[in-house]
Amino acid sequence: MNKKPKKYSVFSLIKNAFTYHENWQPAWRSPEPKKEYDAIIIGGGGHGLTTAYYLAKNHDLKNIAVIEKGWIGGGNTGRNTTIIRSNYLWDQSAALYEHALKLWESMSQELNYNVMFSQRGVMNVAHNLHDVRELKRRWHSNRLNDIDCEWLDTNQVKKFCPIINTSQNIRYPVLGATLQRRAGTARHDAVAWGYARGADAMGVDIIQNCEVTNIIVQNGQVTGIETNKGKIKSKKIGVVAAGHSSVIANMVGIRLPLESRPLQALVSEPVKPILDTVVMSNTIHAYVSQSDKGELVIGAGTDSYTSYTQRGGFNIVEDTVTAIVELFPLFSRMKMLRHWGGIVDICPDASPIISKTHINGLFFNCGWGTGGFKATPGSGWVFAHTIANNEPHKLNEPFSINRFSSGELVDEHGAAAVAH
Amino acid sequence: MFLINCPYCGERDQIEFTCGGEAHIIRPKNPPDLSDDQWADYLFMRKNIKGVQFERWNHSNGCRRWFNVVRNTATDEIIKIYNMGESSPTIKGNEPKTPSGEPKIGSGNISTTFEKK
Amino acid sequence: MSKKISFTFDGKKYFGNEKDTLASALLRNGVFLVGRSFKYHRPRGILASGSEEPNALVQLESQGFTEPNVKATEVLLYEGLKANSQNNWPSLKFDIGSVNNFLSPFFPAGFYYKTFMWPPGLWKKYEFFIRRAAGLGKSPKENDPNEYEHVHYHCDYLIVGGGVSGMLASEILRQGSNENIKILLIDQNNELGGNFNYGTEQRIYTKGIVNGDEAYSGWIQWLKNHIKKYFNLKILNSTSVFAYMHNNYLLAIQNIDPQISPQNKTLRQRIWKIRAKKVILATGSFERPLVFDNNDRPGILLANSAKQYMEKYNLKLGKKTVIFTNNDSAYQTANFMFRTGIPIECVVDLREKINPYLQKLMDIAKIPIHFGHAITDTSGWLRIKSIKINKIDGKTNKIIGKAINIDCDNLLISGGWNPNVNLFSQSRGKLIYRDLDGCFIPQESFQNEISIGACNGTFELENIFKEAYKKLEHLINPELLFNKFYCEETTYKENIKTIWQIPSSKPLGKTKMFVDFQNDVTSKDIKLALSEGYRSIEHIKRYTTTGMATDQGKTSNVNALGIISKISNRPIEELGTTTFRLPYTPITFGAIAGRNIKDFFDLERTTPIHEWHLKRGAKFEDVGQWKRPWYYPIKNENMQKAVNREVEATRNGIGILDASTLGKIDIKGRDASEFLNRVYTNAWTKLEIGKCRYGLMLGDDGMVIDDGVTSRIGKNHYVMSTTTGNAASVMSKLEDWLQTEWPDLKVFLTSVTEQFATISINGPYSEKLLNKLCPKEDFSNNNFPHMSFKEINVLGISCRIMRISFTGEKCYEINIPSNYAKNLWEICFDLGKEYNITPYGTEAMHVLRAEKGFIIVGQETDGSVTPIDLDMSWIVSKKKYDFIGKRALFRSDTIKKGRKQLVGILTTNPDIILEEGSQIVEKITKKPMDMIGHITSSYYSPNLKRSFALGLVKGGLDKKGLKMFVPMINKNIEVEITNPVFIDPSNKRLIA
């Protein structure tokens with residue numbers, strides 16, 4: 001049985017120091033799978049763990065399993081650049097991401113696990129008149145949606161982030177930026193671990209190194225899964241498999257509007273604080289922030305082809321680092337320390353799918369593309385609701401898979417390229 | 001940055017090419033007769049295979065010609081290249097064993113060989 | 001005597017020798033304390049001699065030349081080098097931060113996840129201090145004065161590593177191949193030779209043209225000089241291969257002139273992008289430290305690194321040296337020290353005995369050996385002072401007996417060797433664990449690659465020789481080998497006793513056994529992670545941060561695995577390694593960017609008339625890669641004034657626009673008309689030759705992606721124009737349809753954007769100007785009506801002139817071969833002076849077209865707008881069975897009521913110019929407000945003498961005449977929804 005987890009605090013740290021930290025209990029158990037569960041979540045990333053957590057917490061389901069083929073948080077949760085913001089253009093997205101942002105604001109306390117959510121602000125930089133128009137559109141929309149957002153002109157950008165190159169004589173000068181001050185970054189692994197600990201405490205079985213090999217459907221209703229650890233029964237299955245969503249979908253003959261592509265990121269060697277905010281530029285493609293450890297965390301772009309290799313072309317890295325050096329010339333002598341790739345599942349409208357399917361009891365939460373981390377708690381919240389009630393939450397109604405038939409897409413690409 | 005053997009130009013770096021996604025999706029000849037679902041199926045739904053995938057590539061920074069490629073998306077190995085309009089060749093081989101196609105966690109290695117039937 | 005080189009460390013001046021690294025020079029001057037660790041600020045010295053160094057990190061140089069976290073072991077000394085220690089305050093010797101060392105019981109792995117949570121609002125404050133405590137060196141604060149570049153290189157063989165294996169491989173391949181073969185040998189040191197450790201006294205026999213035998217040390221010297229002589233072998237020194245990617249694509253970084261100060265050179269580093277047919281990895285191995293209590297003190301070095309310092313740099317490290325080992329290799333160091341007269345206190349060996357050959361050597365040297373003993377603790381704060389050794393039980397590995405104290409100022413440790421499999425693993429090769437000596441070795445190659453020597457787990461010299469010939473044999477013609485080398489057999493075999501975590505008399509919780517030196521990860525941290533349920537190697541790595549420091553775990557990874565294996569009682573091979581990723585060694589951002597910054601950051605496309613615009617003082621706007629004139633201020637005019645003037649001139653006289661950036665696609669072929677029928681929403685078959693037609697292009701999702709005018713030049717010949725930004729994407733989409741969907745259509749597409757420049761002459765006097773330009777031609781409405789096309793000889797140049805208009809004025813667009821464009825522009829300008837000809841830029845163009853309600857794709861559309869939404873159903877053919885985008889226009893969402901539609905918007909106060917992107921609401925309410933649309937375009941119109949705007953509004957077509965609001969930060973602006981055509985709705989001016 002589950003013991004109530006011992007609370008983490010500065011006092012528990014001191015107390016444990018006297019026993020050489022040998023009496024900490026596991027953050028989560030490593031149970032063998034049971035024969036049957038009320039609900040199974042396939043995928044032990046951030047979204048899967050939050051789904052299980054909120055299923056247990058907000059709904060009346062207690063017998064829940066999270067099935068993970070590797071280690072929890074090992075996919076995009078542990079591979080992203082941890083940017084958290086809610087300044088999305090369309091009402092539907094803004095509402096969903098803002099719901100998530102509110103959950104971020106109390107997450108450490110909720111979980112009793114410090115996820116180091118750092119509200120240092122996110123700046124989206126404009127480099128041409130088209131950018132200015134589009135970013136201002138987003139700014140006004142955010143403002144009226146009661147989401148904090150400001151417009152900074154070039155001088156204000158310089159003031160807020162003094163090390164950015166605001167010379168007007170460069171190829172793509174900074175013409176202004178939006179700033180969301182409540183936005184920021186978090187410690188990505190801690191999010192997975194914190195939710196795992198929280199879910200485990202409510203009795204959720206987190207089963208790692210367990211790979212799903214088939215989904216069993218009888219008369220249009222899911223009845224269970226086959227795994228490398230045997231058959232597990234359940235009438236509710238939520239798939240939160242990110243880049244591998246199509247792989248699971250193909251088992252039951254569902255086609256999804258997804259392409260899984262390599263997305264790369266890198267960090268520099270750690271240095272003392274130099275950059276106190278998050279800077280994003282879509283036009284020259286550079287995202288950068290500095291982690292609490294001191295590393296510059298930099299996001300690169302996706303390659304244009306399907307790949308499950310978790311690696312992409314070096315040209316993409318080269319373009320991104322070049323953009324960083326162009327925007328922050330003083331970083332030229334900094335060094336790339338680590339680089340990695342993830343697999344992102346991209347939807348045609350750059351918005352997620354959080355939806356029922358035509359198979360009873362089978363639900364998908366996927367298509368988060370390059371931006372799923374920020375939605376982690378909100379995504380789990382609404383997906384848990386969808387699974388528990390067999391109906392979407394108000395916030396994820398617009399993100400049904402049916403939108404691809406009706407045409408009611410939520411296009412978050414930003415506008416099409418400039419044209420005149 | 002793998003190499004692609006363009007049937008018209010020879011072996012070139014992948015950065016010269018653009019991927020056009022899944023191959024052999026034919027634009028329906030009778031769009032007005034199709035339901036919204038069927039149209040969405042043509043327009044958006046993809047197999048997105050992990051393993052052997054048939055896809056279209058364009059030598060966009062070269063001869064600008066389109067052609068088909070059989071590629072293992074789990075390794076980025078190119079198995080076969082054939083012309084537009086040709087039907088998809090049969091590829092026999094060892095598909096990734098489990099859906100994820102990966103051996104033990106952490107090793108990051110995969111070795112699959114394919115042979116033409 | 002070699003030249004003395006002066007340098008400073010922490011402001012103090014020292015001298016080193018010509019071939020010194022910063023590390024060897026510091027040791028030469030008796031500087032053993034070099035840095036402080038990341039978390040506990042423990043004093044640290046130099047542990048190793050290469051890229052694996054975790055401790056000796058310095059801040060090199062100052063101002064623009066400064067570089068943080070430089071490994072002292074990797075920097076070659078140059079005159080005037082300035083280095084400073086990092087992560088300490090107020091000084092390296094007295095660092096306040098080291099209070100963390102004494103508080104360390106409260107800072108176990110992951111402590112920050114468990115605290116700093118209350119009160120919730122205070123995290124920002126905690127974080128402020130955490131951030132300042134973290135980080136090592138300091139980022140530069142000035143721009144980088146140095147430059148970087150990239151080189152592409154193709155070769156038959158790429159050999160990585162210039163040690164004995166790499167050099168031998170290059171010699172075998174060169175001898176055994178014909179001379180057209182191109183070989184590239186890359187070595188990270190500035191001199192070939194590597195750091196081969198075993199059996200350097202062994203004899204090497206040469207058979208062939210030259211016969212002979214000599215000691216290894218002499219032979220390797222000969223080989224080093226010999227291989228440099230051949231033109232088909234290129235050698236790159238001071239170069240590190242840092243990435244091994246698909247299809248034998250490898251990246252290497254070369255330090256240019258490493259013995260010259262960065263102040264005295266421009267080019268600093270060069271990245272080599274190499275595509276090799278075959279790769280030979282000879283990357284050697286790293287010695288691993290032993291993990292025991294307080295194993296991190298300054299003065300503790302890896303045994304082989306110490307030997308390098310003594311042998312290569314002629315250093316004496318300490319007065320009292322102890323060697324602690326679990327394998328034979330450290331005895332090479334002992335033997336070397338004996339031969340050069342450096343005293344050794346004793347050797348502590350975990351094993352019960354050593355082979356007779358080594359034992360004999362040690363007997364001769366009179367070096368006492370404590371067999372079956374381990375070092376269980378050390379003392380000394382700024383430098384090691386003494387050690388404690390204990391006997392251990394050979395079976396249980398537990399301490400037995402009492403501790404013996406031994407004084408020393410230098411401790412050399414060896415825990416065995418880790419093959420350097422980083423690049424092999426990056427190439428996706430499969431590793432296997434070899435229990436015999438506790439290391440991961442290559443098992444199966446994934447790419448066209450061969451691993452040889454120590455990186456393949458082949459440590460003994462005679463085996464290295466055998467393996468090189470055996471593994472390379474199939475690549476060469478053995479008959480071409482004119483010299484063959486053999487190595488004498490050694491009398492001993494590798495023999496190691498692996499104890500991943502040396503026992504201690506203290507409880508583990510009280511010890512500090514460092515696994516990852518830089519990040520201060522200890523054995524107990526790993527145990528803590530395991531006991532808290534972090535069982536996967538990746539979880540442990542991330543929870544404890546082991547292997548995540550700037551040395552990328554080169555000395556720590558395998559030890560960490562061993563300890564996990566021991567604590568969790570799982571075999572290492574089940575744990576697997578963490579994935580090796582690029583870069584092998586940290587790479588300068590500037591080098592990755594190379595020359596692609598500043599002026600070369602992105603292409604700058606300019607039109608043939610660009611120079612004229614520059615002279616005229618135009619302000620430019622970036623449109624994609626193009627520089628387009630935005631407006632042409634005269635004297636002190638501000639933008640609004642200039643634009644007003646340009647707009648008025650166009651409506652009243654002549655406005656002239658450089659429209660050369662518009663995409664132009666030449667379409668030829670039997671089925672050209674049918675092709676246009678399919679890609680545009682309207683019908684084309686009946687368009688007469690010599691006529692033009694506007695077209696709207698959709699994606700198959702029904703959304704507008706482009707627009708433009710297409711002219712029919714002949715029966716099977718059209719010229720299509722596209723928007724500036726979409727020229728390339730439209731071209732490739734059309735090619736896509738043609739080649740893949742409709743190969744039966746006979747149509748050929750050619751981009752002629754660069755071949756033709758476009759001069760657009762607008763305004764009531766445009767016809768007069770054309771008449772002056774070509775007096776013999778008739779440009780009147782009768783002969784040259786709106787939407788028609790003619791090929792006309794203008795001043796001897798054949799031009800395509802189109803009577804089309806984007807301003808609502810009578811307009812002639814002259815397409816002229818690019819080379820003549822500037823000349824024609826100037827002539828037009830002269831001839832038009834009497835009509836107040838005025839150049840106008842994109843801003844005035846926007847005003848002019850918006851006054852007419854003409855859309856701009858990408859401004860009035862955003863990928864979610866159909867032609868119906870734009871109130872342009874007139875252009876959507878009802879008769880055509882199909883065209884791209886048609887089906888999607890009938891989906892349930894695209895036919896639903898209340899979609900956003902294009903309308904005009906006028907402010908109640910005519911002086912207020914709305915902000916583009918601002919939102920429209922019906923009612924001002926509390927936030928969140930219900931937004932029903934947004935402003936897409938907004939300007940002041942000098943013709944209307946008021947502001948006006950276009951926008952997309954939900955159900956807008958039915959809302960004309962209604963009042964709405966645009967809520968801004970401090971005010972709510974009242975607006976009225978109107979028709980989007982503000983000027984000349986009946987097109988009188990157009991056909992005037």
Side-chain angles (χ1 to χ4, degrees), chain A residues 8-10 13-14 17 20-22 24 26-28 71 74 108-109 113-114 118 128-129 133 136-137 140-141 144-146 171 189-190 269-274 292-294 314 318 321-322 325-326 329-337 339-340 406-408 411 413 415-420, chain C residues 67-69 105-106 108 113-117 120 127 130-131 134-140 143-144 509 528 532-533 536 538-539 542 550 581-582 586-590 592-593 596-597 601-602 622-623 723 725-726 856-858 862-864 891-894 916-919 927-929 931 934:
Chain A
Y8 290 160
S9 71
V10 66
L13 265 175
I14 293 169
Y20 314 119
H21 300 285
E22 284 178 2
W24 290 104
W28 58 85
W71 36 285
S108 293
Q109 287 72 33
Y113 201 102
N114 191 349
S118 169
N128 57 42
L129 298 176
R133 199 179 300 122
K136 282 194 170 174
R137 180 179 170 195
H140 288 298
S141 164
L144 298 185
N145 269 325
D146 208 14
R171 183 68 182 88
D189 293 325
E269 294 185 341
V271 286
K272 296 291 175 191
I274 179 82
D292 285 347
K293 204 187 163 197
F314 193 72
E318 205 174 291
V321 172
T322 305
V325 175
E326 183 73 4
L330 77 172
F331 288 156
S332 172
R333 285 174 108 89
M334 295 285 290
K335 285 175 290 204
M336 168 167 80
L337 174 61
H339 154 272
W340 63 91
S406 71
E408 201 172 359
D411 197 328
H413 282 116
V418 210
H420 49 73
Chain C
E67 191 188 354
N69 308 332
F106 307 110
Y113 300 129
K114 293 176 178 147
T115 181
F116 304 125
M117 286 177 281
E127 192 187 30
I130 290 173
R131 285 189 67 197
L136 287 164
K138 290 179 184 143
S139 161
N143 292 359
D144 189 345
L528 174 66
E532 289 198 84
S536 145
E538 286 286 349
H539 280 158
R542 287 154 181 262
T550 63
R581 303 191 180 101
L582 76 90
I587 303 300
T588 316
F589 284 175
I592 297 171
N596 302 324
I597 50 166
F601 180 64
D602 194 13
D622 284 311
V623 182
T723 54
N726 288 336
I856 284 182
V857 171
D862 60 4
S864 71
R891 293 179 297 172
S892 64
D893 188 64
T894 31
E916 287 173 355
S918 56
Q919 300 284 330
K927 290 174 184 175
M929 281 190 226
M931 291 167 262
H934 72 283

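Keep in mind that the numbers below use all heavy atoms, side chains included, and drop hydrogens, waters and symmetry copies. Throughout, protein chains are lettered first and strands after them, A, B, ... in sequence-line order, and every chain is numbered starting at 1.
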Verdict with reasoning, C:Ile592 to A:Phe314, per side chain to side chain contact (heavy atoms under 4.5 Å, CB included): CA-CA 10 Å; C:Ile592 297 171; A:Phe314 193 72; 4.2 Å; yes
Side chain to side chain contact (heavy atoms under 4.5 Å, CB included) evaluation trace for C:Met931 with A:His140: CA-CA 10 Å; C:Met931 291 167 262; A:His140 288 298; over 6 Å; no
Part of C:Glu916 within contact of chain A (heavy atom distance under 4.5 Å): both
C:His539 portion near chain A, given a 4.5 angstrom heavy-atom threshold: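 Both backbone and side chain.
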Distance in Å, [X] [atom1] paired with [Y] [atom2], rounded so as to fall on 0.5 Å steps:
{"X": "C:Met117", "Y": "A:Tyr8", "atom1": "CE", "atom2": "OH", "answer": "9.0 Å"}
{"X": "C:Glu532", "Y": "A:Trp24", "atom1": "CD", "atom2": "CH2", "answer": "6.5 Å"}
{"X": "C:Arg581", "Y": "A:Leu337", "atom1": "CZ", "atom2": "CG", "answer": "11.5 Å"}
{"X": "A:Glu269", "Y": "C:Ile587", "atom1": "CD", "atom2": "CD1", "answer": "10.0 Å"}

Taking all non-hydrogen atoms of both residues, which atom of [X] and which atom of [Y] are closest, and how far apart?
{"X": "C:Ala593", "Y": "A:Thr322", "value": "CA-OG1, 3.4 Å"}
{"X": "C:Asn69", "Y": "A:Pro270", "value": "ND2-O, 2.8 Å"}
{"X": "A:Lys272", "Y": "C:Gly135", "value": "NZ-O, 3.4 Å"}
{"X": "A:Val271", "Y": "C:Pro68", "value": "CG1-CG, 3.7 Å"}
{"X": "A:Lys335", "Y": "C:Phe589", "value": "C-CE2, 3.8 Å"}
{"X": "A:Tyr20", "Y": "C:Gly509", "value": "CB-CA, 3.4 Å"}

Check: C:Thr115 main-chain N/O paired with A:Asn114 side-chain donor or acceptor under 3.5 Å: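 A pair under 3.5 Å: yes.
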Side-chain (A:His21) to main-chain (C:Phe106) donor-acceptor, under 3.5 angstrom: no
Region of A:Glu22 that comes under 4.5 Å of a non-hydrogen atom in chain C: side chain
Residue of the set C:Thr588, C:Asn143, C:Asp144 for which side-chain hydrogen bond (donor to acceptor under 3.5 Å, both in side chains) holds with A:Ser332: C:Asp144
Evaluation steps, side chain to side chain contact (heavy atoms under 4.5 Å, CB included), between A:Arg171 and C:Asp622: CA-CA 9 Å; A:Arg171 183 68 182 88; C:Asp622 284 311; 3.1 Å; yes
At a heavy-atom distance under 4.5 Å, which candidate from [options] has the highest pair count against chain C?
{"options": "A:Ser9, A:Ala27, A:Ser141", "value": "A:Ser141"}
{"options": "A:Ala190, A:Pro329, A:Pro273", "value": "A:Pro273"}
{"options": "A:Gly294, A:Gly407, A:Ala17, A:Ser108", "value": "A:Gly407"}

Residue selection (most heavy-atom pairs with chain A, distance under 4.5 Å) from C:Ser892, C:Pro105, C:Pro928, C:Gly917: C:Gly917
Top contributor to chain A interface from C:Ser864, C:Gly533, C:Pro140 [non-hydrogen pairs under 4.5 Å]: C:Pro140
C:Lys114 atom NZ, neighbour heavy-atom count above 12 within 6.0 Å: yes
Step-by-step side chain to side chain contact (heavy atoms under 4.5 Å, CB included) determination, C:Glu127 to A:Asp292: CA-CA 7 Å; C:Glu127 192 187 30; A:Asp292 285 347; 2.7 Å; yes
